[in-house]
Amino acid sequence: MPDQDPVIRRTTSMEQRVDAIQAALDERGMKATEAVEELNHLATEQWVPQNGARVVARAWVDAAFRERLLANGRAAVEELGLFMPKHHRHLVVLENTPTVQNVICCTLCSCTAFTIIGLPPDWYKDFEYRSRVVRESRTVLREMGLELAPEVEIRVWDTTADTRYMVLPMQPPETMGWPEEKLVGIVTRDAMIGVARL
Amino acid sequence: MPDQDPVIRRTTSMEQRVDAIQAALDERGMKATEAVEELNHLATEQWVPQNGARVVARAWVDAAFRERLLANGRAAVEELGLFMPKHHRHLVVLENTPTVQNVICCTLCSCTAFTIIGLPPDWYKDFEYRSRVVRESRTVLREMGLELAPEVEIRVWDTTADTRYMVLPMQPPETMGWPEEKLVGIVTRDAMIGVARL
Amino acid sequence: MDGIHDLGGRQGFGRVRYTCNAPAFHADWEVRANSLYAFAVRLGVFNMDEYRHAIERMEPRHYLTASYYERSLTGLATLYVEKGIVSREELERRADGLFPLAAPSAPGRTNVPTRGRFKFGDRVRVRLDYVPGHVRMPGYIRGKTGVVVSESPAYPFPDAHAHGVEAQDEPTYDVRFRSDELWANSADAALIHVGVFQSYLERFGGQS
Amino acid sequence: MDGIHDLGGRQGFGRVRYTCNAPAFHADWEVRANSLYAFAVRLGVFNMDEYRHAIERMEPRHYLTASYYERSLTGLATLYVEKGIVSREELERRADGLFPLAAPSAPGRTNVPTRGRFKFGDRVRVRLDYVPGHVRMPGYIRGKTGVVVSESPAYPFPDAHAHGVEAQDEPTYDVRFRSDELWANSADAALIHVGVFQSYLERFGGQS
């Protein structure tokens, strides 16, 4: 490795940095280790795309719920026992149609409705997606495997305030009449971000 | 070093990269090694701030030269046996006064009239100078040790086209009457960039 | 601040490294970094705007070469230090090496005093504001005009909230911009919606 | 292109690491990299605009973490490869490892067909141009108004010249902007002069 900055060479590993903060808080009696274990569980087991998949499946089978969801996302997901953090005051659900594809991003950082659609995937937080999806939306979607017909209008939603967004994908025609639990299984996080169709 | 990208780990050193290009050209009969030796000499011995210092000293002692220099910099420096590359079609000489301080930069890359004022110093090419000197000129100059009185107007010149700039510093009053050769010795490259006064 | 983090529309980045159903985490420390952040939120050590701004204040080279969770942990550690809960020296002693933090903050600002109320369909322009501190207006909409498509409940004004300046709540509007008005002749056709705080907006055409 | 190289006015960078009479070079390889560049200029392997654009096309993280002479050498090597003089494989074999190059170029453009002639004192506005390829208009003057203070001899239009597109020579004007018109309430008071190609300018107030 050429010309490496001496500052970089002496910088500690991420593991050491995480350990340092956690131990410093523990020593102050803040019980960080206990909390981290509990929160690790929430992040990996509770804040998962299956939450959003349940919302989508319900909206597909229950027209009245769909209407409430589109009118007030936050209140509607609470009906299913889901919750959003206090600072996410508003959930806007964006309905795809045969001629409209909604896509979510956060160019300034990497905000998402993570308690509903799950913690965001790596690429969502990468600079490539953040910089390009607003300016080269169709190209980026094509590179990601979503080739949209020219008549499909792309609507990008940049999460700059604390309002959160999720995409309501279209129900695949071949799944019409399926029971709700089976529909939950076909809804992907990427479809709720808007970079894939089902 | 944590989390180092495998691409970075396998990237060769700068020395190896320079060697690789030079050897590839040599093998094609382009005599790169010979040329590099000659050009190393030019860069370190010929394209030096003493050139610009001679221009400044002459302008101080010869009012007619000063006028020609301000009217057409390129033609005037040629009178002193100095030259500019073909693609530098114009040299604009910027005269400091008690109430005007000119400062040169290149925000998009790091252009300079290098055959006249010398190859630019490291900090001139750094992102700190490039990003900040246009927006925080007085602050940056102060941090660099040049505290200007409030009534001094700052004029920044961003070298975005192939026109080149040099600052004509004010002659220090205590040097009035000195012979030209002695004056050459007091003119610094930083004064010709405009981040220092003499 | 017009920082390196303000990436929307910046060119030169390559293909998205997309994989289907990609993971959120790649290492145990990332899960723990995320939990330490969530723990601090739970404790109320900082608000979201302070946290986002702490990340934005990272040295630009550090920001651009750090992974998401390194950026997150750097913002977290910076705020723990700035709020006097832990010292940098202690962190570096415990970590046995350098622990890079973000740079100090510039001053914040209060809500803009004369703010317009807008409704669905109103044409609005984003003010030509340049702010040394935190701002949630991405550079690519500055000075541009769009149409209000919805209003969100009021939130604290981030330019104040990130700086401990008194922040009134104010509405945010989802404003729809045409990509060819944002980047004429140099963007794929699309409608770009941005959540814009009331203080950043004025009525297009004159009085607000 | 709105690339990472367009740094004028970007915030978050720290103090200039200034030393009096600082050196231009810090290592032998830097002197040689500079000479290899000058050698290519002498041979006419590329023009200045191609060279500058090759550097701008570097992957943003690479650009921001590379030193000046690494950026220079990367641009140089990219052009040698793109012009078919040397292959990347040969360079990597000789260097015994990865030799990162810049990304491919987007298309260039020709001179703007209807260009104004301006004279000392004319008030001009920088067009709202967004260009996928090379451009020598720093982002901070886009859409801004200033006053012409001088005219330089004509140069090839860089947006064309960097791309092998036929480039007419055109004048550049030194245009004076007030820093508080570029960054309202968020800049030190100063007059900022930028060398602006004729194609980037229109007369302020209407017809050019």
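Note that this is a predicted model, so its numbers are computed, not measured. Chain letters run A, B, ... following the sequence lines, proteins first, then strands; residues in each count from 1.
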- Item | Distance-only side-chain donor-acceptor flag, B:S137 / D:D188, under 3.5 Å | no
- Task: Would you sort out whether B:R17 and D:E92 count as a salt bridge (Lys or Arg N to Asp or Glu O under 4.0 Å), showing the intermediate values?
- Result: CA-CA 8 Å; B:R17 282 184 254 176; D:E92 299 203 324; over 6 Å; no
- Query: With a 4.5 angstrom heavy-atom cut-off, which part of D:N47 approaches chain B: side chain, backbone, both or neither?
  - Reply: neither
- Query: Within the distance-only criterion (no hydrogens, no angle test), does the side chain of B:Q16 pair as donor or acceptor with the backbone N or O of D:A95 below 3.5 angstrom?
  - Reply: yes
- Non-hydrogen atoms of chain D under 4.5 Å away: do they reach the side chain of B:Q101, the backbone, both or neither? neither
- Item | Any donor-acceptor N or O pair under 3.5 Å, side chains B:D122, D:Y68 | no
- Message: Keeping D:R42 on the side-chain end and B:A35 on the backbone end, is there a donor-acceptor pair under 3.5 Å?
- Response: no
- D:S186 versus chain B, heavy atoms under 4.5 Å apart: side chain, backbone, both or neither? both
- Query: Which region of D:D6, side chain (C-beta onward) or backbone (N, CA, C, O), has a non-hydrogen atom less than 4.5 Å from a non-hydrogen atom of chain B, or is it both or neither?
  - Reply: both
- To the nearest 0.5 angstrom, please state how far the CZ atom of D:R52 sits from the SG atom of B:C109. 5.0 Å
- B:E136, part contacting chain D, at a heavy-atom distance under 4.5 Å: both
- Message: Tell me whether the rings of D:H193 and B:W157 are parallel (<30°), tilted (30 to 60°) or perpendicular (>60°).
- Response: parallel
- Are the side chain of B:S131 and the backbone N or O of D:G8 linked by a donor-acceptor pair below 3.5 Å? no
- Any sub-3.5 Å donor-acceptor pair from B:K125's side-chain atoms to D:A24's backbone N or O? yes
- Query: Considering residues, nucleotides and ligands other than D:D180, do more than 12 of their heavy atoms fall under 6.0 Å from its CG?
  - Reply: yes
- Got a second to check how far D:I85's CD1 is from B:I21's CD1, nearest 0.5 Å? 11.5 Å
- Query: Just checking, is any N or O donor in the side chain of B:Y165 or D:D174 under 3.5 Å from an acceptor N or O on the other one?
  - Reply: yes
- Check each of B:Q22, B:E15, B:E37 against D:R32 using the side chain to side chain donor-acceptor pair (under 3.5 Å) test, and report the only one that passes. B:Q22
- Would you call B:D19 and D:R94 a salt bridge, using N to O less than 4.0 angstrom? no
- Task: Determine yes or no for a side-chain-to-main-chain donor-acceptor pair under 3.5 angstrom, with D:R136 supplying the side chain and B:T160 the backbone.
- Result: yes
